[in-house]
Amino acid sequence: MTSISTSENAEPPAPRRRTVLAAGAGAAALIIGPPGTTPAAALPGADTATSAPRPGSGWQRYVHGPASRTVRPQRVLDPTGDVRHPDALLRPGGTGTVLHRPQPAPAPRWPAGTTAEASTTHAGNNGNDGRPRTYDATNAVDGDPDTFWNDDTLGAYPDVLTVSLPEARQLSGITVVSNSDGVPTAFTVEVWADGVWTTAATISDNDVIQRAVPFRTAVPASRVRITVTAVQDTPHGAFTRINEVWPEPVEPPAPPPAVTVDFGKVVVGYPRIRFTSASDNAPGVRLAFSETLRFLTDRSDFTRSDQSGGAGRGTDQFAVPPQGADWTDHKGFQAGDKVYADGLHGFRYLRISLDALPSDAPAAQPWGTVEIDSVSLDFTAYRGTPATYRGWFLCSDDDLNRYWYGAAYTNELVTDTFRQDDVDPRGAWSASLEGRLVLHDGAKRDRDPYVGDLAVSARTLYLTHDDAAAAARNVLADLADHERADGWIPPASISGYTLPLFDYPLWWVTCSWDYVLYTGDRAYAARYHPNLVKVLDTWYPSVTDEAGLLSKGLNGTGGYGDYAFLGRTGRVTYDNVLYVQALRDAARLARLLGHASDAARWTQRAEAVTGAINTHLWDADAGAYLDSATGPVRHAQDGNALAVTAGVADAGRAAAALAHLDATTQLPYGNAFMDNDTLFDGAAQRVYAFTSYPEIVARFLTGRTDSALDQIRRTYGWMDGHDPGITHWEGVGPGGSLYEDAYTSMAHGWSTGVLPALTHQLLGAVPTSPGYATWQVRPHPGDVAWAQGQLPTPHGPLRVAWENSGRTFHVVLDVPTGTRGTLVLPGEGRRLSVRSGGRTLWDGRHAASGGVGVVDASVTIRGLGPGTHEFTARRDS
């Protein structure tokens with residue numbers, strides 16, 4: 001028997017019984033029991049993705065979290081150089097993996113008295129590693145490969161280096177040793193002999209650091225002139241850099257022996273290597289990390305030490321003692337100021353090579369023998385296992401299941417303790433966050449909690465591991481505690497809480513409401529209400545123009561950025577629709593606390609801003625909102641999507657705006673965040689899952705379920721199907737590439753919006769008041785045959801299961817004590833009949849009780865209290 005509560009004071013049925021929802025012909029039954037019960041028998045097809053398994057079973061196989069804190073690689077990729085037993089890395093305790101490299105011959109030296117001069121020389125500075133450096137021409141003949149000549153004409157040529165010997169010497173050639181920050185790609189070599197300059201060699205298309213340059217014939221020369229006409233352009237500039245010139249042609253040595261291990265997916269933590277033994281010359285081992293094979297080289301795809309001017313040179317180093325070592329990669333130097341390791345990394349692939357930086361000699365040498373017993377990772381992030389999931393999701397579409405749990409795992413990787421050695425080195429460390437659980441933005445970088453990211457990642461957390469909700473609260477509270485005197489709230493701890501972003505204080509408001517909505521933490525709302533007042537009633541009014549719209553540039557905000565540091569100014573639609581959302585969320589918080597005047601004021605302002613947006617920023621010709629009232633005409637995903645979800649766009653504008661995005665932004669890997677390239681080249685080819693999330697929600701909310709699912713499948717299908725797989729990327733660039741190459745984070749919490757979208761919109765369950773005191777279930781099935789899931793609430797799990805066979809829709813709800821909610825059935829109400837427990841509740845025209853009716857053309861059943869409820873809706877032919 002199913003109980004339908006229509007009164008707010010109705011008591012739950014006692015005892016609660018498991019309800020079996022009879023399925024249509026040929027379909028599996030859906031069974032939901034009260035918390036703690038297990039159905040007696042498995043259903044046919046329970047282990048497939050096309051038939052509904054028992055609720056509470058089947059989803060566990062999608063969970064990606066490691067079984068323990070010690071994570072081991074899954075496979076070994078092809079080694080290079082002298083590597084024996086590479087697969088032994090996967091079988092600790094047996095024969096070890098051995099890397100061997102012979103001692104190289106000493107580099108040729110110029111005779112004493114040799115000098116060098118250059119056409120130009122860059123001024124000295126602190127270099128990439130923070131240590132004072134000079135870039136004089138003599139560095140190229142000093143025998144130290146760690147020093148180099150650097151010209152002073154950025155991108156301009158020729159650059160000339162001249163080496164002068166004390167007397168003529170027979171030269172068969174030279175070697176040019178350059179720099180990983182850019183090699184000379186084209187140069188000529190001339191020799192001074194018999195009183196004239198003669199061209200001895202011409203080099204083009206060079207791409208190696210050590211370039212042997214043999215002469216056609218040996219010549220007695222007293223001077224050598226190298227004229228560079230092209231170089232590689234790097235992030236450190238298109239300069240000519242030559243570390244050494246040797247007086248003989250020396251072919252580069254064989255590449256160092258190296259072996260790469262693959263952990264199967266992105267992981268995060270401290271790498272650990274057990275070295276069995278080593279030769280007695282302190283052989284060096286270098287580690288390079290990457291989230292993708294494309295950017296796996298002898299340098300990591302990203303290191304914090306490079307970002308802060310450290311000594312890492314893009315890799316982590318260790319000098320292996322003869323007796324071996326059980327070494328864990330923690331930040332710091334091994335010997336004085338030599339042999340540096342960066343510590344924590346987020347990566348999938350780890351390349352281990354027997355090599356050493358020249359600057360690390362003699363503490364580490366690039367030759368010798370090393371035996372390795374095992375490689376592993378001390379996993380630091382939240383370890384999500386089937387036992388820790390307090391919310392879950394499963395449906396008939398296996399792809400959607402993978403995307404949901406890929407989002408959950410991505411978010412687990414960024415849910416971690418804030419530690420000084422592991423966070424962004426650019427002024428992000430904060431004593432007030434040290435040792436606290438937080439939501440970082442990315443696993444490998446920036447590893448700093450940004451409040452805008454929480455707009456997505458915190459929802460993902462609340463729906464999977466709400467016992468870790470403190471990770472969101474810690475960030476929100478800390479940022480509020482650093483509110484500026486004028487009311488501006490910092491976006492993150494980076495730059496000592498001073499990074500100037502225009503939009504992120506609004507995300508603090510909306511994320512604060514989200515936190516209270518999901519957790520019911522009234523104390524947080526009360527504690528930070530004064531901060532709410534200050535940011536909305538002091539700072540944002542200071543950047544509001546005469547039309548009542550936010551205008552970036554007012555009050556000294558011309559240099560402020562946003563979530564993507566976009567060069568937008570003036571009245572930006574995204575800023576203003578987010579302002580409306582923040583004002584409405586703030587009003588909800590104020591009403592919760594009994595601050596009626598604040599709620600009324602913010603509600604009134606939200607309505608005024610809504611009117612101003614529709615008056616000044618709607619482009620009737622395009623049928624979409626302008627990106628900005630300033631500059632070339634363009635239309636952005638962020639502003640148009642949020643206009644729908646924030647309620648700024650009426651039904652007509654919403655339909656037109658989404659149609660415009662359909663027509664102008666669809667790509668194989670998602671929807672672009674701009675409809676043209678007037679903001680920057682390639683903007684119309686860039687996809688952000690962060691801004692795609694509100695567009696996907698907007699499509700569900702406006703009845704465009706098929707297009708919402710199509711966008712999910714393109715966006716998340718692309719990321720799931722490309723290296724590194726599973727996790728969700730910070731951004732996608734032209735052709736589906738990494739939008740910022742190796743710097744791109746491939747596991748970023750702000751990209752996990754598919755998870756709340758599938759739970760809240762496809763499954764259909766959402767909280768509607770703090771702590772799930774009230775909730776709504778409104779499924780949007782589309783082409784999905786069945787779905788089920790559990791939402792964790794402070795009162796216990798809210799469970800939903802439904803099956804859609806076209807003409808018949810079955811749904812079962814299991815409602816926790818202390819909550820009450822509403823069910824909205826899919827389909828046109830006038831064409832549906834609804835039954836429950838043998839009773840007809842709605843026959844297409846009349847309701848059997850006061851809690852049942854048609855609202856906005858949909859059959860709505862209110863007042864569903866604790867207990868298990870079953871409904872069957874049939875559509876008329």
Side-chain angles (χ1 to χ4, degrees), residues 62-81 83-99 255-275 285-303 314-316 318 327-329 342 344-355 370 372-381 383 402 405-406 409-410 412-413 442-445 718-729 738 741-742 744-748:
Y62 294 97
V63 172
H64 295 290
S68 74
R69 287 283 172 194
T70 299
V71 184
R72 299 195 182 276
Q74 295 185 3
R75 63 175 180 145
V76 175
L77 304 184
D78 291 338
T80 58
V83 178
R84 285 169 279 167
H85 315 300
D87 289 338
L89 292 176
L90 304 180
R91 299 184 296 274
T95 301
T97 298
V98 178
L99 286 72
V259 61
T260 298
V261 293
D262 175 9
F263 281 76
K265 55 180 173 280
V266 175
V267 292
V268 64
Y270 302 114
R272 180 179 178 182
I273 302 179
R274 289 177 57 89
F275 296 97
V285 165
R286 296 181 67 178
L287 309 182
F289 303 87
S290 182
E291 291 181 301
T292 64
L293 277 175
R294 178 185 174 193
F295 293 106
L296 180 66
T297 66
D298 61 350
R299 291 177 59 92
S300 298
D301 59 0
F302 171 82
T303 65
T315 64
D316 292 28
F318 182 67
W327 176 71
T328 299
D329 188 343
D342 211 35
L344 179 143
H345 284 273
F347 64 99
R348 173 172 173 173
Y349 305 97
L350 166 58
R351 186 175 187 266
I352 306 167
S353 60
L354 199 168
D355 197 10
V370 169
I372 302 173
D373 174 67
S374 64
V375 178
S376 62
L377 176 89
D378 293 345
F379 191 83
T380 62
R383 192 168 64 88
R402 288 203 317 277
Y405 289 93
Y409 179 64
T410 299
E412 290 159 15
L413 291 173
K444 77 174 180 184
R445 55 143 286 265
W718 186 271
M719 294 187 286
D720 181 72
H722 289 79
D723 196 20
I726 299 173
T727 52
H728 299 158
W729 311 354
L738 309 191
D741 293 331
T744 307
S745 168
M746 307 303 287
H748 220 69

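Taking NE2 from H64 and OG1 from T410, the interatomic distance works out to 8.5 Å, rounded to the nearest 0.5 Å. To the nearest 0.5 Å, atom OG1 of residue T95 and atom CG of residue D373 are 10.0 Å apart.
S353 places no side-chain N or O within donor-acceptor distance of the main-chain N or O of P256, the cut-off being under 3.5 Å. The backbone N or O of D342 sits less than 3.5 Å from a side-chain atom of D316, completing a donor-acceptor pair. With hydrogens and angles disregarded, a donor-acceptor distance shorter than 3.5 Å links the side chain of R69 to the backbone of F379. Put simply, the side chain of D723 gets close to the backbone of L293: a donor and an acceptor are under 3.5 Å apart.
In this structure, the side chains of V267 and F347 come closer than 4.5 Å at one or more pairs of heavy atoms. With contacts defined as side-chain heavy-atom distances shorter than 4.5 Å, the pair V71/R383 does not qualify. Side-chain atoms of D301 and K444, non-hydrogen and from C-beta on, do get closer than 4.5 Å to each other. Inter-residue side-chain proximity for T292 and R348 is flagged as unmet; no heavy-atom pair is nearer than 4.5 Å. Under the 4.5 Å side-chain criterion, counting only non-hydrogen atoms from C-beta, E291 is not in contact with T727. Inter-residue side-chain proximity for F295 and F302 is flagged as unmet; no heavy-atom pair is nearer than 4.5 Å. No side-chain heavy atom of I273 sits less than 4.5 Å from a side-chain heavy atom of F318. Side-chain contact check for T97 versus V83: some heavy-atom pair is nearer than 4.5 Å.
When all heavy atoms are compared, the tightest approach of G269 to L377 is C-CD1, 3.5 Å. Residues T303 and S300 share a closest heavy-atom pair of CG2-CB, 3.5 Å. Annotation for W729 and M719: closest pair N-SD, 3.1 Å, computed over non-hydrogen atoms. Contact record, S290 with L296: OG-N, 3.7 Å, taken as the closest heavy-atom pair. For the residue pair L413 and A443, the shortest heavy atom distance occurs at CB-CB, 4.1 Å. Closest of all the heavy-atom pairs between Y409 and V266 is OH-O, 2.6 Å.
Put simply, the residue from L89, V259, L90 that forms a side-chain contact (heavy atoms from CB on, under 4.5 Å) with V375 is L89.
Ring pair Y62/Y405 is parallel by interplanar angle, where below 30° counts as parallel and above 60° as perpendicular.
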